[in-house]
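This is a predicted model, so every value here is computed, not measured. We're numbering straight along the sequence, starting at 1.
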Amino acid sequence: MLIKSFALACLLWTTTAAATSAVEQSAGDGLVVVVSAQAAITQLDRYQLINIFMGRYRQLPGGGEAIPLDIGKSEQKALFYQLLVGKPLADINAYWARLIFSGKTRPPRQVDSAEQALQQVAANPTMIAYVQRSQVDARFRIVYEF
């Protein structure tokens, strides 16, 4: 019995340590939130991002519309929400299921890839997306870094 408890504790510790390490490593790779270089916004804080990406409001601080983009079913999406609100993607999906059912708001628009998100953000100054820092070029403005 003692050996089983010890083995379970080791397994849980290893799993937690591996997940934490993956988040820290990916965060070091530079996940950033971007808008078009033509957008009026220059910076957002974490609270504003939570409100935009969690559907509480869809306005930028200057009053313009904010259209958030989510990158489909990706590790990048899971990392983004883990860093932003400290929740796993399963919790985020449950959150959106409740809000959609109640009709209160709608989730961010889905795109298939970071490249597709960047194309849409570059073409529309009201869109906002998260990508790796290495993907950002002169067409974009970084408004938040993790």
Side-chain angles (χ1 to χ4, degrees), residues 5-39 41-62 64-146:
S5 296
F6 179 73
L8 181 59
C10 287
L11 178 63
L12 289 173
W13 180 81
T14 303
T15 304
T16 303
T20 302
S21 176
V23 168
E24 289 171 353
Q25 181 181 4
S26 295
D29 289 344
L31 193 63
V32 297
V33 178
V34 297
V35 295
S36 167
Q38 280 80 40
I41 190 77
T42 58
Q43 186 176 6
L44 292 171
D45 63 34
R46 186 171 173 267
Y47 181 74
Q48 291 166 324
L49 283 177
I50 290 170
N51 285 330
I52 291 169
F53 278 90
M54 300 304 288
R56 294 186 185 130
Y57 63 77
R58 296 285 164 87
Q59 296 287 326
L60 294 170
E65 181 184 19
I67 302 172
L69 300 176
D70 261 342
I71 303 171
K73 296 177 181 177
S74 68
E75 289 181 22
Q76 204 169 19
K77 179 178 179 178
L79 175 62
F80 173 73
Y81 284 103
Q82 183 66 44
L83 293 172
L84 185 64
V85 294
K87 300 281 185 189
L89 201 48
D91 289 356
I92 299 302
N93 292 337
Y95 168 84
W96 281 114
R98 284 190 306 273
L99 288 179
I100 291 168
F101 181 75
S102 70
K104 291 184 179 180
T105 190
R106 62 190 187 287
R109 289 186 187 175
Q110 298 290 311
V111 294
D112 294 330
S113 66
E115 292 77 19
Q116 191 178 34
L118 289 170
Q119 287 174 351
Q120 290 189 29
V121 168
N124 187 338
T126 64
M127 292 190 168
I128 182 169
Y130 48 88
V131 296
Q132 294 296 324
R133 177 181 260 292
S134 61
Q135 296 174 293
V136 178
D137 60 35
R139 300 174 297 162
F140 308 101
R141 178 177 300 125
I142 296 173
V143 292
Y144 189 84
E145 292 187 58
F146 288 97

Are any non-hydrogen side-chain atoms of [X] and [Y] less than 4.5 angstrom apart?
| X | Y | answer |
| --- | --- | --- |
| Leu60 | Ile52 | yes |
| Ser36 | Asn124 | no |
| Gln43 | Pro61 | no |
| Val131 | Val32 | yes |
| Arg46 | Leu84 | yes |

If every non-hydrogen atom of [X] is compared with every non-hydrogen atom of [Y], which pair is closest and at what distance?
| X | Y | result |
| --- | --- | --- |
| Leu44 | Tyr144 | O-CD1, 3.2 Å |
| Ala114 | Gln135 | CB-NE2, 3.4 Å |
| Val34 | Val121 | O-CG1, 4.2 Å |

Please report the interatomic distance [atom1]([X]) to [atom2]([Y]), rounded to the nearest 0.5 Å.
| X | Y | atom1 | atom2 | result |
| --- | --- | --- | --- | --- |
| Glu115 | Gln120 | CD | CD | 12.5 Å |
| Lys87 | Asn93 | NZ | CG | 13.5 Å |
| Leu118 | Ile71 | CG | CD1 | 7.5 Å |
| Gln82 | Leu31 | CD | CG | 12.0 Å |
| Ile67 | Ile128 | CD1 | CD1 | 11.0 Å |

Greater than 12 external heavy atoms within 6.0 Å of Gln110's CD: yes

Residues forming a side-chain hydrogen bond (donor to acceptor under 3.5 Å, both in side chains) with Asp45, sequence neighbours excluded: none

Residues in side-chain hydrogen bond (donor to acceptor under 3.5 Å, both in side chains) contact with Gln59, at least two apart in sequence or another chain: none

Short side-chain donor-acceptor distance under 3.5 Å, Ser134 and Gln132: no

Salt bridge (Lys or Arg N to Asp or Glu O under 4.0 Å) pairs, two or more places apart, involving residues 134-146: Arg133-Glu145, Asp137-Arg139

Residue pairs, two or more places apart or on separate chains, that pass salt bridge (Lys or Arg N to Asp or Glu O under 4.0 Å) and touch residues 67-80: Asp70-Lys77

Which donor-acceptor pairs under 3.5 Å do the side chains of residues 95-108 make with protein atoms, sequence neighbours left out?
{"unit_1": "Tyr95", "atom_1": "OH", "unit_2": "Met54", "atom_2": "O", "d": "2.6"}
{"unit_1": "Ser102", "atom_1": "OG", "unit_2": "Arg98", "atom_2": "O", "d": "3.4"}
{"unit_1": "Ser102", "atom_1": "OG", "unit_2": "Leu99", "atom_2": "O", "d": "3.0"}
{"unit_1": "Ser102", "atom_1": "OG", "unit_2": "Lys104", "atom_2": "N", "d": "3.4"}
{"unit_1": "Thr105", "atom_1": "OG1", "unit_2": "Gly55", "atom_2": "O", "d": "3.4"}

Pairs involving residues 68-89, ordered by first then second residue, that meet ring-ring contact (aromatic ring centres under 6.0 Å, His included) (sequence neighbours left out): Phe53-Phe80, Phe80-Tyr130, Phe80-Phe146

Side chain Gln116, main chain Asp112, donor-acceptor under 3.5 Å: yes

